[in-house]
Amino acid sequence: MEKQEILNTHFLNENSINTPNEDIFNFKYYANNVQKLIQQNANNKEPITFGIMGKWGEGKTSFLNLIKHKIEHFDKKEGDCEFLAYDFNPWRYSDQDEMLFDFFDGLSKRFYLNYTTDLQEIGLYISKYGKYLKAVKIASTIGMPVNTFLKKFSFDINEIFKALGEDLKQKNLTLEVLKNKVNAKLINAKFKVIVFIDDLDRLDKDEIYTILKLIKLNASFANFVFIVAIDSEHVSKAIGNRFSNYSNDITDGKLFLEKIINIPIQLPRIEIEDLQNFFEIKLREIINNLYFLDKNKKDNLFKDIRDEFTHVNYRSPREIIRVLNSFFISSISLQEEVDLKDLFWIEWLKVVNESLYSQIKNYQTEKGLGAFFVSQHEIINFNDEVHINGQDSSLANGTRKKMIERYPDYEWFLNKMFPIIVDHDQSKLFPYINLTEHFDKYFSYHLIGKISNIKIKKIEGLIKDKDIDGVNKMFVELYNSGIEENKIIFKLQEIIKNIKIEDGRDFFFNYIFDNLNFIKDSGQNMFDIDSKIRIIELTARTLDSDIENDNKKVAIELGEKLDVNELCYFTRKTKDDKLYKPHLEQLIVDKAKKQFSADLKPLYLDPKNPTNKMIMHNWKKYNSDEFNKYIINSLINLERVKILIRNFPGFWNNSFFGALGFREYDYMKSLINVDSLYNKIVEFNPELVDKIDKDYENFHESDESTIEQNLEQFIYLYKTKN
């Protein structure tokens, strides 16, 4: 990523609405009415408290800001009060006392900022009031009378008297006396103070109680209006807990709150259309910051997510911001290694239901799928079975049922992300979350030991450009990256199956066949076929299934690059109706003649090689006399005879040879001149031939047999059938 791209990449902030121009939820209409209500009651001297009620993240701060907007600039008639706004956020303070005393300090400074003598005087009074309140608090804490405390610690009470009037010198000084003097000054100055308190529901129960007590008692000055943003249920529970042992009993807390809040105002309901509009605006902003996507991909991703999320019930604007930011950081980490639409859904779940998200995240670990040797084509659907290459394979874990029982409202989500019925061929083209090879990426956020889809796409681009050096470099990187061989082979197979002729298919097939030795053997499968042979067979099947193009030229080109054994695997996956099939069969014969000499290295010396009979079959088919002569000339001793016969019994479970039964003998007879072969045995071991008669013991073709027993079985069958 370029440095400039890093600097320009950012998250969505959770800043609240500050002006009506930013209001896309249409809060401003209700906020304007609240402003008018405050203005119309400007001459009401009694302190009053508005409570803006709403859940976490629903926009209480935004609504508070809209009420505050230009509230100090009301149109006023002669004799009306002036307005002064004071913001107080109690969440900034570390303890209750600091929070309480700083309220008065900050409020007094707010008055000092005005240059009229009356306001500065009020600010001074409030500052002294706060200091005296602090002295009272400290004195009561240490058990000392306040006047004694003030004198002992050099607080000059006469300075307070002087500020409030010389006539108070001989009177008992109390908070109530001080408050009354502040009230008188406020009323005389005709000033209305609007105190905005936010984040109350972020405090603990004692701090909440302190603020409510401040509103109702300590700061309940004349001409004061408190506007407090509150999650009423949370605050009621906190107050209830402070006075009750029953944590879920909020009745007492509600009653207490009702005494504090004079006018409760429920936060306006955000219309679904407005919330959807907010989501789309912020989604577009996030997607535009995904630097690794071009404009077309950004537009398509925006449309796909927007269209799918039209039916989702968002709980609040803040929830939308959290989902989008979570998606953003995951997208930057994974880029196009995953399906970004699937990633958005799983990040959404992380925010709205962390418990279900965690259960899905830990699925493979909990269920031990890694212990199963399964194809990379496995589809995760959380049902009682998984699908492997289109077939059902029972794991009987019942995960889907358990998830639905616990989260019935999310059954649609499981069906969407982990469908029971899957188009396997189509799904393998994309890095969906329900594919085992991609599943972990959605939760691990790294590619260690995983195939990079970005690299695969780069390889595909190099193939289209027929850049052989570039393709070779990318595959070298893959093989040197420490990724498991079977994962690389799987990706190679995916490219072979899906690449189109116009995208460089023939170039790529030739490149693969030129570099077959580069493919490491990842182990033979249950059919004794290693990775290299699987690639060869898949390429043949891909050409064979292509009915739109004449693939004779490329098929023969590829065949020329193979040795005779590899060519047999390639040819056997080509159907007989392909016009180039005879050319491949003849090529097998030509290669066999060059590779296997009759005297030194006859083609049948490795009886376990399953291609031996295919080579014999094609040689017999295209030049029978030459083949018969080759076989007879190769039988220079009895050991060669036994090895030739050993090619025809079944090799059971890739572990032992069976008997030469009637069926095997008949097939052998279709290829080999059994008369000549029998005569060779008579020549080399006439005693054995005489020993085997029609009373030779019965045997079954699946019986494990030695090479000597196979020889005896041939003699018996020859005598029996001739």
Side-chain angles (χ1 to χ4, degrees), residues 1-2 5-6 9 11 283 286-302 304-305 308 323-350 357 360-365 369-370 375-380 417-418 422 424 426-463 470-471 473-495 497-499:
M1 178 169 55
E2 297 294 331
E5 291 174 328
I6 295 175
T9 299
F11 298 99
L283 174 63
I286 278 291
I287 290 179
N288 284 345
N289 286 329
L290 299 180
Y291 61 87
F292 55 88
L293 297 179
D294 60 31
K295 184 180 184 305
N296 186 54
K297 288 181 178 179
K298 287 178 180 178
D299 290 343
N300 290 336
L301 179 62
F302 171 79
D304 288 344
I305 294 176
E308 288 199 6
V323 170
L324 289 170
N325 280 334
S326 183
F327 167 69
F328 179 65
I329 189 171
S330 300
S331 298
I332 294 297
S333 300
L334 294 170
Q335 300 187 23
E336 294 182 272
E337 301 298 341
V338 297
D339 182 82
L340 290 174
K341 184 156 62 66
D342 276 7
L343 181 65
F344 192 94
W345 276 108
I346 205 67
E347 293 299 318
W348 170 82
L349 184 69
K350 182 197 295 184
Y357 168 84
I360 293 172
K361 173 183 176 181
N362 295 323
Y363 172 71
Q364 283 192 304
T365 301
L369 288 182
S375 163
Q376 290 297 309
H377 295 181
E378 180 185 325
I379 305 296
I380 298 174
M417 304 301 291
F418 305 97
V422 178
H424 293 260
Q426 179 69 11
S427 69
K428 294 167 201 169
L429 299 177
F430 303 98
Y432 294 136
I433 190 173
N434 67 322
L435 295 175
T436 54
E437 67 167 313
H438 300 298
F439 181 84
D440 285 341
K441 295 179 189 176
Y442 287 82
F443 305 98
S444 63
Y445 305 111
H446 68 75
L447 298 174
I448 304 302
K450 303 178 181 70
I451 296 289
S452 166
N453 290 321
I454 294 175
K455 286 188 177 181
I456 293 300
K457 290 183 178 181
K458 186 174 181 180
I459 289 173
E460 290 172 344
L462 293 169
I463 292 170
V471 173
K473 180 180 178 181
M474 291 300 294
F475 271 109
V476 169
E477 286 183 12
L478 274 181
Y479 271 94
N480 292 336
S481 64
I483 296 173
E484 295 177 10
E485 169 77 10
N486 66 308
K487 293 182 179 180
I488 298 176
I489 295 300
F490 171 71
K491 277 299 178 184
L492 191 57
Q493 290 173 319
E494 290 298 298
I495 297 175
K497 284 189 295 184
N498 298 301
I499 192 170

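FYI, side chains are in, hydrogens and waters are out, and symmetry mates aren't considered; it's all heavy atoms of this structure.
Rounded to the nearest 0.5 angstrom, Lys441 NZ and Leu334 CG are separated by 8.5 Å. With rounding to the nearest 0.5 angstrom, the CG atom of Leu343 is 12.5 Å from the CZ atom of Phe328. In this structure, Gln493 CD and Ile488 CD1 are separated by 12.0 Å, a value rounded to the nearest 0.5 Å. Atom OG in Ser330 sits 4.5 Å away from atom NZ in Lys350 (nearest 0.5 Å). Taken from CG in Leu293 to CG in Asp299, the straight-line distance is 10.5 Å, to the nearest 0.5 Å. One distance of note links CD1 of Ile332 with CD1 of Ile329; it measures 9.0 Å at 0.5 Å rounding.
Salt-bridge annotation for Glu460 and Lys457: absent, with no side-chain N of the basic residue lying under 4.0 Å from a carboxylate O of the acidic one. The pair Lys298-Asp294 fails the salt-bridge criterion, with no side-chain N (NZ, NE, NH1 or NH2) lying under 4.0 Å from an Asp/Glu carboxylate O.
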Start with the C-alpha distance between Ile433 and Val338, add both sets of side-chain angles, then the distance that settles side chain to side chain contact (heavy atoms under 4.5 Å, CB included), and finish with yes or no. CA-CA 7 Å; Ile433 190 173; Val338 297; over 6 Å; no
Using side chain to side chain contact (heavy atoms under 4.5 Å, CB included), reason through Asn325 and Ile286 one step at a time and then give a plain yes or no. CA-CA 8 Å; Asn325 280 334; Ile286 278 291; 4.2 Å; yes
Stepwise side chain to side chain contact (heavy atoms under 4.5 Å, CB included) check, Leu492 with Phe475: CA-CA 10 Å; Leu492 191 57; Phe475 271 109; 3.6 Å; yes
Going through the checks in order, is the side chain to side chain contact (heavy atoms under 4.5 Å, CB included) test met by Gln335 and Tyr291? CA-CA 9 Å; Gln335 300 187 23; Tyr291 61 87; 3.2 Å; yes
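Tyr357 pairs by the ring-ring contact (aromatic ring centres under 6.0 Å, His included) definition with Phe443, not counting sequence neighbours. Taking Lys297 as the reference, Glu336 meet the side-chain hydrogen bond (donor to acceptor under 3.5 Å, both in side chains) condition, with sequence neighbours excluded. In this structure, Lys458 has no side-chain hydrogen bond (donor to acceptor under 3.5 Å, both in side chains) partners at least two apart in sequence or on a different chain. Every residue two or more places apart in sequence or in another chain that forms a side-chain contact (heavy atoms from CB on, under 4.5 Å) with Asp304 is listed here: Lys341. Asn300 pairs by the side-chain hydrogen bond (donor to acceptor under 3.5 Å, both in side chains) definition with nothing, not counting sequence neighbours. Residues satisfying the ring-ring contact (aromatic ring centres under 6.0 Å, His included) criterion with Tyr442, sequence neighbours excluded, are absent altogether.
In this structure, Phe344 and Leu301 have side chains that are not in contact, with every pair of non-hydrogen atoms separated by 4.5 Å or more. Side-chain contact between Leu340 and Ile305 is absent, with no heavy-atom pair separated by less than 4.5 Å. For the pair Met417 and Asp342, the minimum side-chain heavy-atom distance is below 4.5 Å. Phe418 places a side-chain heavy atom less than 4.5 Å from the side chain of Phe439. For the pair Ile456/Ile495, a side-chain contact is recorded, criterion being any heavy-atom separation below 4.5 Å from C-beta on. Contact check for Ser326 versus Trp348: no side-chain heavy atoms found under the 4.5 Å cut-off. Using a 4.5 Å heavy-atom threshold, the side chains of Pro431 and Glu337 count as separate.
Here the closest heavy-atom approach between residue Leu290 and residue Ser331 is recorded as CD2-CB, 3.8 Å. Considering all non-hydrogen atoms of both residues, Glu308 and Trp345 come closest at OE1-NE1, 2.6 Å.
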